[in-house]
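Inspection log for the structure reproduced underneath, given as structure tokens.
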Amino acid sequence: MGWASRPSTHDGRDAHPTFKSGSYLILIPYLVLIMKKVLYWLMGDKAGRTIVGAWNWMWGLPVESGGPVAVAVAEESLRSMQESVQKLAAAVSTQVAAYQRAKTKYEEKVREMQTVERQAITAQRNGNEEAARLAMAKVIQTEQILPQLESQVKQAEQYVNASKDKLNRERMKLEAYKTDMQNMKDMAEINEAL
């Protein structure tokens, strides 16, 4: 065996084992723990717990269950959810108002067309051909616009219904979250008492 050759593997083992890259995954929990300790050391216990709790909440990881930090993070999250639901409710009410205006405008156009049509018929019966022609021209113009207005009103109605459904779902989520938060507060009080 020459000096540059690799040692033999008579017993079936590699003489120079390599460290597999998947083995580094074992170190991740230790690194996280070290990072937490450094953060607590720099920021203090309460601020560190708050930052770690907010970070976990942001990434969808469980926040320390039952602790005062978890309750504080949950309360902040609840306030944020309430604000977003209020903004959504305001947007839905604005959308409903716009839909109602569009629907009213469409209905006014339909009534206007029917009135002008009756006027055209009356003018024709009275022998006033010029007034009948003008009225019928107005009816034809209005009839050309009505399908477009009707489709816009139907589309606005669909948007309003979808927005109302979303608002109802968000309100249900908010109520469920309120219940969960109350349970979390109760658990924190029990843990503190023990």
Side-chain angles (χ1 to χ4, degrees), residues 47 50-188:
T50 304
I51 291 170
V52 169
W55 178 262
N56 287 345
W57 174 79
M58 185 172 63
W59 287 102
L61 300 173
V63 181
E64 297 176 14
S65 62
V69 175
V71 172
V73 169
E75 286 175 343
E76 181 61 32
S77 176
L78 179 64
R79 278 192 290 277
S80 173
M81 285 177 74
Q82 286 173 333
E83 288 174 10
S84 67
V85 167
Q86 287 173 350
K87 288 177 184 177
L88 183 60
V92 167
S93 67
T94 302
Q95 197 174 28
V96 167
Y99 164 70
Q100 291 297 332
R101 283 193 306 272
K103 186 177 178 182
T104 303
K105 192 69 166 173
Y106 171 73
E107 290 169 352
E108 286 175 5
K109 280 290 185 188
V110 168
R111 284 192 298 273
E112 178 186 327
M113 185 187 74
Q114 291 169 347
T115 303
V116 172
E117 196 171 16
R118 283 193 298 272
Q119 288 173 352
I121 292 170
T122 305
Q124 178 117 22
R125 284 187 192 151
N126 292 338
N128 192 350
E129 293 295 322
E130 185 64 30
R133 239 180 285 143
L134 285 173
M136 284 310 290
K138 210 174 193 184
V139 167
I140 291 170
Q141 286 177 340
T142 306
E143 279 181 342
Q144 290 173 349
I145 292 175
L146 281 180
Q148 184 181 6
L149 289 176
E150 183 181 15
S151 69
Q152 288 176 346
V153 167
K154 285 181 180 178
Q155 187 176 19
E157 183 179 16
Q158 290 173 349
Y159 289 149
V160 165
N161 290 337
S163 295
K164 284 181 179 179
D165 289 344
K166 182 176 181 180
L167 178 61
N168 289 335
R169 285 192 308 270
E170 291 299 318
R171 283 182 175 159
M172 287 173 36
K173 282 183 191 176
L174 181 63
E175 289 303 316
Y177 195 80
K178 281 181 183 179
T179 304
D180 290 345
M181 194 187 75
Q182 187 59 45
N183 292 341
M184 188 184 299
K185 280 183 178 179
D186 294 343
M187 288 297 291

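The structure displayed is predicted, hence computed values, not measured ones. Every heavy atom of this structure was used, including side-chain atoms; hydrogens, water molecules and symmetry mates were not. Heads up: numbering here begins at 1 and tracks the sequence.
- Scanning for salt bridge (Lys or Arg N to Asp or Glu O under 4.0 Å) contacts around Glu143 gives an empty result, with sequence neighbours left out.
- Interatomic distance, CE of Met81 versus NZ of Lys173, reported as 7.5 Å (0.5 Å rounding).
- The shortest heavy-atom contact between Ala120 and Ala132 is O-CB, 3.7 Å.
- A 6.0 Å sphere centred on CZ of Arg79 holds more than 12 heavy atoms belonging to other residues, nucleotides or ligands.
- A distance of 12.5 Å separates CD of Glu112 from CD of Glu117, quoted to the nearest 0.5 Å.
- Here the straight-line distance linking atom OG1 of Thr179 with atom CD of Gln182 works out to 8.5 Å at 0.5 Å rounding.
- If you run side chain to side chain contact (heavy atoms under 4.5 Å, CB included) between Glu157 and each of Val153, Val160, Asn161, only Asn161 comes through.
- Residue Glu108 qualifies as enclosed at atom CD: its count of foreign heavy atoms under 6.0 Å is above 12.
- For CD of Gln124, the number of neighbouring non-hydrogen atoms (other residues, nucleotides, ligands) closer than 6.0 Å is 12 at most.
- Within a 6.0 Å radius of OH in Tyr106, other residues, nucleotides and ligands contribute more than 12 heavy atoms.
- Side chains of Thr142 and Val116 form no contact here, defined as non-hydrogen atoms less than 4.5 Å apart.
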Residues Arg169, Lys166; criterion side-chain contact (heavy atoms from CB on, under 4.5 Å); working and verdict: CA-CA 5 Å; Arg169 285 192 308 270; Lys166 182 176 181 180; 3.6 Å; yes
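- The closest side-chain heavy-atom distance from Ile140 to Gln144 is below 4.5 Å.
- Remark: Lys185 pairs with Glu75 by the salt bridge (Lys or Arg N to Asp or Glu O under 4.0 Å) rule, at least two apart or across chains.
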Go through Glu170 and Leu174 one step at a time and tell me if the side-chain contact (heavy atoms from CB on, under 4.5 Å) criterion holds. CA-CA 6 Å; Glu170 291 299 318; Leu174 181 63; over 6 Å; no
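- Taking CD1 from Ile145 and CE from Met113, the interatomic distance works out to 11.5 Å, rounded to the nearest 0.5 Å.
- Checked against salt bridge (Lys or Arg N to Asp or Glu O under 4.0 Å), Lys105 has no partners two or more places apart in sequence or in another chain.
- In this model, no donor atom of one side chain and acceptor atom of the other lie less than 3.5 Å apart for Gln95 and Tyr99.
- Remark: Glu150 CD to Glu107 CD distance equals 11.0 Å, nearest 0.5 Å.
- Distance alone, capped at 3.5 Å, is enough to place a donor-acceptor pair between the Thr94 side chain and the Ala90 backbone.
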Working for side-chain contact (heavy atoms from CB on, under 4.5 Å), residues Asn128 and Thr122: CA-CA 9 Å; Asn128 192 350; Thr122 305; over 6 Å; no
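- For the pair Lys164 and Val96, the minimum side-chain heavy-atom distance is below 4.5 Å.
- Separation of atoms CE (Met172) and CG (Leu167) is listed at 11.5 Å; rounding is to 0.5 Å.
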